[in-house]
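Heads up: the structure comes next, in structure tokens.
Residue numbers start from 1 in every chain, and the chains themselves are labelled A, B, ... in the order their sequence lines are given, proteins ahead of strands. As the structure is a prediction and not an experimental result, all values here were calculated from the model.
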Amino acid sequence: MPAYWLLKTEPGEYSFDQLVVDRRTVWDGVANNLALKYLRNMKVGDKAFIYHTGTERAIVGIAEIISNPYRDPESKDPKRVVVNLKPDRKLPYPVPLSEIKNNKTFKDFDLVKLSRLSVMPVKNVYWHIILGMGGL
DNA sequence: GCCAACGTTGGC
DNA sequence: GCCAACGTTGGC
């Protein structure tokens with residue numbers, strides 16, 4: 001069974017739309033230890049929400065993990081790992097952080113509790129509620 | 001632009 | 001190994 005994740009990105013740096021254009025990308029730049037730990041637990045076939053930080057602050061789309069984690073070839077630090085992604089689909093309606101914060105169902109969601117974490121697991125139940133909120 | 005919440009660095 | 005100082009992230 002695939003696992004579910006959430007990946008944050010500053011859309012001015014790299015957006016979900018850019019992933020759609022690129023067809024696939026290497027998700028690099030993760031330095032935080034907890035985020036790296038989660039990255040190392042990803043497997044081919046897992047799904048991830050793409051969340052835009054900055055002024056957007058919304059979950060905008062779904063990506064699929066298409067490689068297992070591997071050492072970042074661009075980094076000298078052996079702890080750094082990356083995965084390859086491809087776009088799955090865009091959410092018909094982006095799900096804003098404000099809606100997630102306003103819903104107490106999500107009170108234990110890392111997106112709310114650990115605002116600086118850039119890679120996090122998403123519980124099965126959260127995943128499906130967010131899909132519904134996003135129009136899927 | 002501010003600042004809370006973290007993470008990192010470096011002196012001791 | 002502690003912790004003060006500093007840097008960064010990201011929401012507001």
Sort and list the pairs that fulfil side-chain hydrogen bond (donor to acceptor under 3.5 Å, both in side chains) and have at least one residue in residues 3-13 of chain A, not counting sequence neighbours. A:Trp5-A:Asp46, A:Glu10-A:Thr53
Pairs meeting criterion ring pair (Phe, Tyr, Trp, His ring centres under 6.0 Å) with involvement of residues 23-82 of chain A, two or more places apart: A:Phe49-A:Trp127
For A:Asp28, the salt bridge (charged side-chain N to carboxylate O under 4.0 Å, His left out) test, sequence neighbours excluded, returns none
How would you list, by chain and number, every residue that makes a side chain to side chain donor-acceptor pair (under 3.5 Å) with A:Thr105, sequence neighbours excluded? A:Asn103
The side chain to side chain donor-acceptor pair (under 3.5 Å) partners of A:Asn124 (sequence neighbours excluded) come to A:His128
Return the set of residues passing side chain to side chain donor-acceptor pair (under 3.5 Å) with A:Asp17 (not counting sequence neighbours), or none when no residue passes. A:Lys90
Could you list by number each residue of residues 102-117 of chain A showing a heavy-atom separation from DNA chain C of less than 4.0 Å, or answer none if no residue does? A:Ser115, A:Arg116
Any pair counted as salt bridge (Lys or Arg N to Asp or Glu O under 4.0 Å), so long as it reaches residues 102-117 of chain A, sequence neighbours left out: none
Nucleotide interval of DNA chain C bounded by contacts with chain A (heavy-atom cut-off, under 4.0 Å): C:dG7 to C:dC12
